[in-house]
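All remarks here apply to the structure that follows.
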Amino acid sequence: MISALLAGERPAGTQVVVKGWVRTNRSSKAGISFIQVHDGTCFDAIQVVVPNSLNNYDDEVQRLSAGCAVICTGELAESQGKGQTFEIQAETVEVIGWIDDPETYPITPKRHSFEYLRDVAHLRIRTNTFGAVARVRDCLAQATQRFFHENKYFWVHTPLISASDAEGAGELFRVSTLDMLNLPRTEEGGIDYSEDFFGKEAFLAVSGQLNVESYCQALTRVYTFGPTFRAENSNTSRHLCEFWMVEPELAFADLNDDADLAEQYLRYIFKAALEERADDMAFFAKFIDKEAVTRLEAFVESSFERLEYGDAITALERAKRKFEFPVKWGIDLQSEHERFLCEEYCKRPVVVMNYPKEIKAFYMRMNDDGKTVAAMDVLAPGMGEIIGGSQREERLGVLDERITSLGLNVDDYWWYRDLRRFGTVPHAGFGLGFDRAVCYVTGMKNIRDVIPFPRTPKHAEF
RNA sequence: UCCUCAGUAGCUCAAUUGGCAGAGCAUGCGGCUGUUAACCGCAGGGUUGUAGGUUCAAGUCCUACCUGAGGAGCCA
């Protein structure tokens with residue numbers, strides 16, 4: 001693989017084979033061709049130097065254009081030219097796959113807009129940017145698994161199909177096998193879901209949290225890492241209908257333990273990106289976002305500020321600048337407020353803790369003041385909220401009160417309530433939008449460009 | 001879903017107060033070169049997002065729709 005060759009794992013003079021795709025081909029009738037071959041294993045391509053003594057030089061090598069698949073053999077050599085340490089003095093160049101009609105190949109060796117490349121998402125991965133994103137995304141995913149494994153967390157595969165809409169997180173995708181042209185009806189004229197596949201209404205899950213809480217109260221330290229689905233009509237650079245989420249849950253823990261975990265986790269995966277994908281990160285810093293590397297380095301080195309929600313409000317009220325949305329105790333923080341807190345007020349990552357109960361979910365633990373719940377948001381400079389979490393309400397009576405006061409039905413939560421009846425313990429967890437984390441690390445501005453085939457309203461191509 | 005902006009060659013973009021549709025890159029051919037965002041020359045490439053309207057004349061003005069982007073809301 002090219003990554004091993006360019007890393008110097010084989011000495012010059014070794015006979016090597018390279019299998020990959022042509023990036024550029026500069027050929028000279030005078031007798032030599034320079035082919036950049038790329039196999040995706042690292043950022044750089046390797047230069048294959050082809051002499052015109054090869055018997056397929058005229059009719060094949062010179063016709064090679066961007067995208068052609070080739071297998072090259074030859075001797076690894078220290079490069080005579082500038083721009084690379086190693087190159088290959090080719091002895092054979094075998095063309096495995098031609099470009100059908102070079103004029104119609106969508107990925108040309110020039111800059112393309114990200115919007116254009118979304119229309120050719122099956123080919124955009126062959127570009128520098130999307131290759132780098134894919135490798136960094138993998139690095140962050142592997143680091144996530146490694147971090148939790150090393151800290152004795154178990155990976156729990158929570159279901160993607162949810163038979164109740166009790167999770168209360170916005171619009172859901174329906175899962176049904178009913179014949180839409182011939183729907184079974186109840187006597188009242190509604191749709192009779194008892195005829196449906198699961199015998200009741202079913203949806204794609206919007207979170208694994210409620211399920212993972214069950215495992216938490218038996219395995220102590222658990223997490224989910226998988227896809228999640230929201231049918232909200234959100235058309236922004238930060239939203240996908242299908243996205244990946246990391247949700248750890250730990251037993252015998254409070255909100256401070258939760259914040260500690262979030263801090264350690266983020267530092268761990270960001271450090272992995274800096275160390276393991278230095279080549280790709282250097283590219284992002286050069287062409288996508290000048291601060292991609294320095295921002296991460298600062299993040300990894302700084303400890304997080306912890307701020308009470310009430311203190312955050314006070315800081316915002318005393319700020320000399322004006323906000324578009326007025327500040328007072330009880331509001332949810334807008335992104336302009338979040339950016340101010342971490343970028344100007346604290347100048348480092350901030351954990352805002354203990355929010356008013358009115359703006360947070362029913363399962364978050366009621367504090368002794370009766371006004372706030374043990375919720376936290378981790379705010380990152382340059383992005384705003386990157387993690388949201390809470391200590392969960394472990395007291396059955398208080399949980400029931402919260403469910404009822406929000407107009408929800410306690411019977412819908414029967415198994416979730418059982419967890420509070422049978423050996424309940426204080427526990428806490430958080431959710432991280434994995435794709436947003438990839439944006440933060442790479443400096444990519446649009447979440448549709450950090451996931452392989454983005455699903456957004458009106459878009460499920462490929 | 002709301003607000004704003006945009007849609008012209010394969011791609012990225014020009015085109016003055018409404019007046020002959022242009023460039024760079026890419027592609028093909030030729031030349032040149034241990035080249036590397038290569039360079040030089042030539043060539044092909046267009047129903048200006050769609051449908052109407054105003055006008056002698058519309059890429060340009062008007063209406064509707066479609067598509068995309070940015071912002072907002074919702075959130076992760």
Side-chain angles (χ1 to χ4, degrees), chain A residues 23-37 44-51 62-63 65-67 77-84 87 89 99-120 123-124 127-128 167-171 206-209 224 227-247 286-287 324-325 332-336 338 359-361 377-378 380 383-389 430-440 445-451 456-459:
Chain A
R23 275 290 173 77
T24 62
N25 177 19
R26 295 177 293 278
S27 55
S28 160
K29 283 273 192 294
I32 203 167
S33 279
F34 301 94
I35 304 171
Q36 295 283 348
V37 179
D44 288 313
I46 195 164
Q47 175 162 279
V48 178
V49 184
V50 189
Q62 291 213 71
R63 281 175 50 222
S65 59
E78 287 178 23
S79 180
Q80 299 168 31
K82 288 174 182 171
Q84 62 276 320
E87 63 188 19
Q89 297 289 345
I99 292 297
D100 224 16
D101 174 6
E103 194 155 358
T104 63
Y105 183 56
I107 309 297
T108 59
K110 62 159 287 170
R111 284 197 184 162
H112 298 288
S113 66
F114 293 144
E115 293 84 359
Y116 163 72
L117 289 168
R118 272 173 227 149
D119 293 336
V120 286
L123 299 171
R124 69 177 182 172
T127 64
N128 280 334
E167 291 165 34
E171 297 292 311
V206 297
S207 162
Q209 184 203 312
T224 71
T228 298
F229 308 88
R230 307 241 170 125
E232 252 137 31
N233 191 11
S234 293
N235 296 289
T236 82
S237 56
R238 295 177 300 284
H239 288 85
L240 293 165
C241 298
E242 177 182 279
F243 63 98
W244 285 62
M245 195 149 60
V246 177
E247 296 175 293
K286 191 171 178 189
F287 290 107
E324 189 187 343
F325 294 88
D332 204 359
L333 298 181
Q334 302 292 322
S335 62
E336 58 171 345
E338 296 175 343
I359 58 173
K360 291 294 180 182
D377 282 348
V378 179
M383 174 170 235
E385 181 184 337
I386 191 167
I387 278 180
F430 66 76
L432 166 103
F434 184 73
D435 315 273
R436 288 185 180 177
V438 179
C439 284
Y440 188 72
K445 298 294 178 289
N446 196 312
I447 201 164
R448 295 162 201 161
D449 298 327
V450 301
I451 193 167
T456 54
K458 302 269 190 286
H459 287 288

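All heavy atoms count here, side chains included; hydrogens, waters and symmetry mates do not. So that the names make sense, note that chain A is the first sequence line, chain B the second, and so on, each numbered from 1.
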### Query
Nearest heavy-atom pair of A:Val450 and A:Asp435: which atoms, and what distance?
CG2-O, 3.5 Å

### Summary
With the side chain defined as heavy atoms from C-beta on, A:Thr24 is closest, among B:A38, B:C74, B:G34, to B:A38

### Message
Using modelled atom types and a 3.5 Å cut-off, is there a donor and acceptor pairing between side-chain atoms of A:Arg26 and backbone atoms of A:Gln36?
### Response
no

### Summary
Scanning both residues in full, the closest heavy-atom pair of A:Phe325 with A:Glu336 reads N-OE2, 2.8 Å

### Message
Counting only side-chain nitrogens and oxygens, does A:Arg118 get under 4.0 Å of the OP1 or OP2 atom of B:A69?
### Response
yes

### Summary
Under a 3.5 Å limit on both distances, the Watson-Crick or wobble mate of B:U27 is B:A43

### Message
What's the closest nucleotide to the side chain of A:Ser335 if the choices are B:G34, B:A72, B:C74?
### Response
B:A72

## Note on the structure
Of the candidates B:A38, B:G34, B:C11, the side chain of A:His112 sits closest to B:C11

### Query
Taking the same atom, P, in B:A21 and in B:A58, what whole-Å distance lies between them?
11 Å

#### Entry: A:Arg238 side chain near B:A72 phosphate (N/O to OP1/OP2, under 4.0 Å)
yes

### Query
Looking across every strand, which nucleic acid part, if any, lies under 4.0 Å from A:Gln89 by heavy atom: base, sugar-phosphate, or nothing?
base

### Query
When you compare B:A6 with B:U12, how far apart are their C1' atoms, in angstrom units rounded to a whole number?
14 Å

### Query
Does any nucleotide pair with B:G70 by Watson-Crick or G-U wobble geometry, both distances under 3.5 Å, and what is it?
B:C3

### Task
Between B:G34, B:U1, B:A26, spot the one nearest the side chain of A:Thr108, thanks.
B:A26

### Task
Provide the Watson-Crick or G-U wobble partner of B:C13, both distances under 3.5 Å; none if there is no partner.
B:G22

### Query
Roughly how many Å is it from CD in A:Gln62 to C1' in B:G30, rounded to a whole number?
12 Å

## Note on the structure
Quick note, A:Ser234 side chain, CB onward, closest among B:U35, B:U1, B:G73 is B:G73

#### Entry: Interatomic distance at P, B:C32 relative to B:C20, whole Å
42 Å

### Query
What nucleotide, of B:C11, B:A72, B:U35, holds the atom closest to the side chain of A:Tyr116?
B:C11

### Query
In whole angstroms, how far is the C1' atom of B:A26 from the CD1 atom of A:Ile99?
14 Å

### Task
For the side chain of A:Ser79, starting at C-beta, report the closest nucleotide among B:A72, B:G34, B:C11.
B:G34

### Message
Given 3.5 Å as the limit, does a donor-acceptor pair link the side chain of A:Tyr116 with the main chain of A:Pro106, or not?
### Response
yes

### Query
Expressed in angstrom and rounded to an integer, what is the separation of A:Glu87 atom CD from B:U35 atom P?
11 Å

### Task
Find the distance A:Ile46:CD1 to B:G34:P and express it as a whole number of Å.
21 Å

### Message
Measuring from the side chain of A:Arg230 (C-beta onward, heavy atoms only), which nucleotide among B:C75, B:A69, B:G34 has the closest atom?
### Response
B:C75

### Query
Would you call A:Arg124 and A:Asp119 a salt bridge, using N to O less than 4.0 angstrom?
no

### Task
Look at all strands and tell whether A:Ile387 reaches a base, only sugar-phosphate, or nothing, counting heavy atoms closer than 4.0 Å.
nothing

### Message
Of the listed nucleotides (B:U27, B:G34, B:C74), which one gets closest to any side-chain atom of A:Pro102?
### Response
B:U27

### Task
May I ask which nucleotide in the shown strands pairs with B:U50, Watson-Crick or G-U wobble, both distances under 3.5 Å?
B:A64

#### Entry: Sidechain-backbone polar pair: A:Ser234 side chain, A:Thr236 backbone, donor-acceptor under 3.5 Å
no

### Task
Mind calculating the distance between CZ (A:Arg63) and P (B:G28) to the nearest angstrom?
10 Å

### Task
Say whether, by atom type as modelled, one donor and one acceptor occur between the side chain of A:Glu338 and the main chain of A:Glu385 under 3.5 angstrom.
yes

### Query
Rounded to the Å, how far apart are A:Phe434 CZ and B:C75 P?
24 Å

### Base B:G7 to side chain A:Glu115, donor-acceptor N/O within 3.5 Å cut-off
no

### Query
If we take the C1' atom in both B:U47 and B:C42, what is their distance in whole Å?
28 Å

### Message
Could you tell me how far B:C29 sits from B:G71 if I compare only their P atoms? Round to whole Å.
### Response
44 Å

## Note on the structure
Assert: residue with more 5' nearest nucleotide on RNA chain B, out of A:Lys445 and A:Gly388, is A:Lys445

### Query
Could A:Asp44 and A:Arg23 be called an ion pair, given the rule that one side-chain N must be under 4.0 Å from one carboxylate O?
no

### Message
Roughly how many Å apart are B:U60 and B:G52, using the P atom of each and rounding to a whole number?
### Response
15 Å

### Task
Report which part of the nucleic acid A:Phe287 touches: base, sugar-phosphate, or nothing (heavy-atom distance under 4.0 Å, all strands).
nothing

### Summary
To the nearest angstrom, the CG-C1' distance between A:Leu117 and B:A69 comes to 15 Å

### Gap between atoms CD and P, on A:Glu232 and B:G73 respectively (whole Å)
14 Å

### Query
How would you label the contact of A:Gln209 with the nucleic acid (heavy atoms, under 4.0 Å): base, sugar-phosphate, or nothing?
nothing

### Query
Can you tell which of B:G73, B:U12, B:G34 lies closest to the side chain of A:Ser113?
B:U12

### Message
Counting only Watson-Crick pairs (N1-N3 plus N6-O4 or O6-N4) and G-U wobbles (N1-O2, O6-N3), all under 3.5 Å, who is the partner of B:U33?
### Response
none

### Task
Output yes when a side-chain donor or acceptor of A:Arg118 lies under 3.5 Å from a complementary backbone atom of A:Asp449, and no otherwise.
no

#### Entry: Any A:Asn235 side-chain N or O less than 4.0 Å from OP1/OP2 of B:G73
no

### Query
Say you pick atom C1' in B:G73 and the same atom in B:U63; how far apart are they, in whole Å?
29 Å

### Query
Is the shortest side-chain N/O distance from A:Arg448 to OP1 or OP2 of B:A69 below 4.0 Å?
yes

### Query
If each of A:Ser237 and A:Leu432 is mapped to the nucleotide of RNA chain B with the nearest heavy atom, which maps nearer the 5' terminus, i.e. the 5' end?
A:Ser237

### Task
Between B:G45 and B:G10, how far apart are the C1' atoms? Round to whole Å, please.
9 Å

